[in-house]
Amino acid sequence: MTAPVLLWLRRELRLTDNPALRAALATGRPVIPVFVLDDETPGAWAPGGASRWWLHHSLAALGADLVRLGAPLVLRRGRLDFEIARLVAETGAVEVHAGTPTEPWARAAYRTVIDAIAPVKLRCTMTALLHHPDEIRTQAGTPYGVFTPFGRAVRAHGPIALPEPAPADIPGGAAVASDDLESWGLLPAAPDWAGGLRTAWSPGEAGAQARLREFVAEGLDQYRARRDLPGTDGTSRLSPFFAWGEISPRQVWHSSAACEKFRDEVLWREFAAHLLWHNPTLPDAPLRAEFAAMPWRDDQAGLRAWQRGQTGIPIVDAGMRQLWHTGWMHNRVRMIVASFLVKHLMLPWQLGEAWFWDTLVDADLAQNAASWQWVAGSGADAAPYFRVFNPVLQGRKFDPDGAYVRRYVPELALLPDSVVHAPWEAPALVREAAGIRLGATYPAPVVELAAGRDRALQAFAALRKVA
DNA sequence: AGCCTCTTGCA
DNA sequence: GCAAGAGGC
């Protein structure tokens, strides 16, 4: 019998346009697909709670698809290098095919896998990005640090390869023992907090394809006009499918030719991944060194109010509650809540990054780190330090009828549009008529907005002076 | 991918 | 009295 190859799937949980799968099939050998759950090697960046919920359903869907195609998915739990080496030994595999890792911890781990399986080779193919980060560089040969020229360079780099269809069948190898997915305990049990996630999402490749089709058919032409309005269904909501590689950026790119504004968002994703590639400490340390001296505050109560959506600022609380209940937050609101944490509360962006990592179904190391640093002002192409989002003005501008706030902060539902984003501005009689008592039925603001803004501007200005 | 203040133009 | 645009932070 022909010796098999392993197809090690990690964050490319799809059959459509999966170059690693294609490379494995091209060997002409039986293919044994494997997924290894390793909660040790990633350290702080092991998947968070919401990501684990998603992963469970994604693996269940992929497993069913792979059975149908003839190559059942093998699940193992343990250190990546041990488990891949063990599987090579068990199966007599002559090669291991995988997606090119993009996270710094994974890039290091794959080097230990290479040592552990030698002389069997690990063959990596880029599955997560349009281009390998080394392909996109400035004339001077340096990585791009500003989005606009980066995007221009990607667009000028040549046509994006067309997506490959899923194979009709996969020649499987001899049977290999697999863990039972249920035994991994990826789903929350006591308490089961995933009710809102189940309502909001259909994880897995079929769900990804359905969502893409629906967005292209019904949302793409309105994207530019509605993308910033959190009360509407104006964004693609593809991010969680991207996070586990249930859809490929090439497929999304080629499906969205009718809207360059949306393609820009695909390129922002690409930009963040390239930034992390070239700056491995991006998730932990400010890219601009002078930000290490930022006098962040220590405020457990403020952090907790932010996490729970109890800051007393309606649009912030709506966003944080949307995140808690659905595992996702509208992008416009992500910028608002992040700015509020980092600037008005002056809490370190790493605390927000960690909370998002645990609660987002689309948690992605590069996107999360690059975006938090962008808001904090410490990242590449960052928002200037003096750019402080005013959550009341943002709310009035992007949620003018308060639909979003009312949906996620129902205790404010009866307030008139004019004050729904600033209940403290409402005359006492208006608040009373709406059933609101500040500090009782809804929190008083944890920080006075003008004072918080001034405090942040002063701290950031001092930082700039030092630099 | 901001906010604020000031100015201008018009009612 | 205000909306809209310019320019500084």
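Just so it is clear: chains get the letters A, B, ... in the order the sequence lines come, proteins before strands, and each one is counted from 1.
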Between A:Arg52 and A:Asp358, is the closest basic N to carboxylate O distance under 4.0 Å? no
Got a salt bridge between A:Arg211 and A:Glu205, using NZ or NE/NH1/NH2 to carboxylate O under 4.0 Å? no
Round to the nearest Å and state the distance from [X] atom [atom1] to [N] atom [atom2].
| X | N | atom1 | atom2 | value |
| --- | --- | --- | --- | --- |
| A:Leu457 | C:dG8 | CG | P | 17 Å |
| A:Phe386 | C:dG8 | CZ | P | 11 Å |
| A:Arg387 | C:dG7 | CZ | C1' | 15 Å |
| A:Lys397 | B:dC4 | NZ | C1' | 14 Å |
| A:Asn390 | B:dC3 | CG | C1' | 8 Å |
| A:Asp454 | C:dC9 | CG | C1' | 12 Å |
| A:Leu449 | B:dG2 | CG | P | 16 Å |
| A:Arg453 | B:dT5 | CZ | C1' | 11 Å |

Should we say atom CZ of A:Arg155 is surrounded by more than 12 heavy atoms from elsewhere, each under 6.0 Å from it? yes
Looking at A:Arg396, does any N or O in its side chain come under 4.0 Å of the phosphate oxygens OP1/OP2 on B:dC3? no
Quick one: do A:Asp381 and A:Tyr144 satisfy side-chain hydrogen bond (donor to acceptor under 3.5 Å, both in side chains)? Show the steps, please. CA-CA 10 Å; A:Asp381 199 8; A:Tyr144 283 95; over 6 Å; no
